[in-house]
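Everything on this sheet refers to the single structure shown next.
All values below come from the heavy atoms of this structure, side chains included, with hydrogens, waters and symmetry mates left out.
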Amino acid sequence: MSVQLESGWKAVLGPEFEKPYMQELKQFLVMEKREHTVYPPGNLIFNAFNHTPFDEVKVVILGQDPYHNVGQAHGLSFSVPPGVGIPPSLRNMYQELATDIPGFNVPNHGDLTAWANRGVLLLNATLTVRAHTAGSHQGKGWEAFTDKAIAELSAGRQGIVFLLWGRYAKNKAALIDHRRHHILTAAHPSPFSAHHGFFGCKHFSKANAFLVQQGLEPIDWQV
């Protein structure tokens, strides 16, 4: 795969592209694109890694799948490009931020690129999806790649805050050394579950408190 990847991530993930599972994934994507539209566009598949260098990750927010409707996915979990309607889960995240972070103003857009540029890795477990078909690229190899990314952060860095929302994300805690990092879990912010433990979790202020304890700058959550 001819992939542009930030140098720190390339050092730890580069060898993955030569492995059989990634070769098979590449072939799957080639065939898939012949018959279907695939999101996000090819140049944005690795967007999360390129906006948040390996050595600058402070917080990880783990999603499952890219958005599958037109114009939504741009390689950052929970985020959509400017001009695209704010998805329900992100709207609930903004609602939680408004009650958790003093002075937070709910934005009129869903673009979280500013978070990515400030050290928040917005990583989906699966990095592509067929248009209008949720979960269509699960089990094709992406999970092995993104699990490797999480494991490399766990082993190679210290003091990262992992925000794991919903059962799927919580299962990724097994990849993280809890003695080296901070893991916060809650219900998923989707409308189906946000009232069952996401609202009131105060993960954004808790993440900042962990960062400050380590002498690091807190995340500016305003976008």
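- For the pair Lys33 (side chain) and Phe28 (backbone), a donor-acceptor distance under 3.5 Å is absent.
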With side-chain contact (heavy atoms from CB on, under 4.5 Å) as the criterion, how do His74 and Asp111 come out once you've worked through the C-alpha distance, each side chain's angles and the decisive distance to 0.1 Å? CA-CA 9 Å; His74 66 145; Asp111 185 3; 3.4 Å; yes

Give the C-alpha distance, both sets of side-chain angles, the deciding distance and a yes or no for side-chain contact (heavy atoms from CB on, under 4.5 Å) between Gln23 and Lys19. CA-CA 6 Å; Gln23 298 295 321; Lys19 293 183 177 179; over 6 Å; no

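- For the side chain to side chain contact (heavy atoms under 4.5 Å, CB included) with Phe78, the qualifying choice from Leu112, Leu122, Leu62 is Leu112, the only one to do so.
- Both Leu216 and Val59 are assigned to one and the same hydrophobic cluster, defined by single-linkage of ILVMFWY side chains at heavy-atom distances under 4.5 Å.
- No side-chain donor-acceptor contact under 3.5 Å links His68 and Thr133.
- Both Trp9 and Ile176 are members of a single hydrophobic cluster when ILVMFWY side chains are connected at heavy-atom separations under 4.5 Å.
- Between His137 and Thr126, the side chains place no donor N or O within less than 3.5 Å of an acceptor N or O (distance only, hydrogens not considered).
- Taking all atoms of both residues into account, the shortest heavy-atom contact from Ser89 to His188 is OG-CE1, 3.6 Å.
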Decide side-chain contact (heavy atoms from CB on, under 4.5 Å) for Leu44 and Tyr39; before the verdict, give the C-alpha distance in whole Å, the side-chain angles of both, and the deciding distance to 0.1 Å. CA-CA 9 Å; Leu44 297 179; Tyr39 297 132; over 6 Å; no

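- The backbone N or O of Ser205 sits less than 3.5 Å from a side-chain atom of Asp100, completing a donor-acceptor pair.
- The main-chain N or O of Gly139 is found under 3.5 Å from a side-chain atom of Glu143 such that the two form a donor-acceptor pair.
- A donor-acceptor pair shorter than 3.5 Å can be found between the side chains of Thr128 and Trp142.
- Ring pair Phe49/Phe145 is perpendicular by interplanar angle, where above 60° counts as perpendicular and below 30° as parallel.
- Checked by atom type and distance alone, the side chain of Gln72 pairs as donor or acceptor with a backbone atom of Asn69 at under 3.5 Å.
- The backbone N or O of Ala134 lies less than 3.5 Å from no partner atom in the side chain of Asp65, so there is not a single donor-acceptor pair.
- Although no hydrogens or angles enter the test, the distance criterion places a donor-acceptor pair under 3.5 Å between the side chain of Gln222 and the main chain of Asn105.
- Under a 3.5 Å cut-off, the side chain of Arg130 and the backbone N or O of Thr37 do not form any donor-acceptor pair.
- In terms of modelled atom types and a separation under 3.5 Å, the side chain of Arg180 and the main chain of Gly159 share no donor-acceptor contact.
- Note: Phe198 and Trp165 have perpendicular aromatic rings, judged against thresholds of 30 and 60 degrees for the angle between ring planes.
- Taking hydrophobic clusters as Ile, Leu, Val, Met, Phe, Trp and Tyr residues chained together by side-chain heavy-atom distances below 4.5 Å, Val12 shares a cluster with Leu123.
- Shown here is Arg167, whose CZ atom has no more than 12 heavy atoms of other residues, nucleotides or ligands within 6.0 Å.
- Counting heavy atoms of neighbouring residues, nucleotides and ligands inside a 6.0 Å radius, atom CD of Gln214 exceeds 12 of them.
- In this structure, the side chain of Ser193 does not engage the main chain of Ala187 through any donor-acceptor pair within 3.5 Å.
- Residues Leu184 and Phe199 share a hydrophobic cluster, clusters being chains of Ile/Leu/Val/Met/Phe/Trp/Tyr side chains in contact below 4.5 Å.
- In summary, the side chains of His51 and Glu6 do not present any donor paired with an acceptor at a separation below 3.5 Å, with no hydrogens or angles considered.
- Side-chain atoms of Lys206 come within 3.5 Å of backbone N or O of Cys201 as a donor-acceptor pair.
- Under the 4.5 Å side-chain heavy-atom criterion for grouping Ile, Leu, Val, Met, Phe, Trp and Tyr, Leu13 is connected to Val57 within one hydrophobic cluster.
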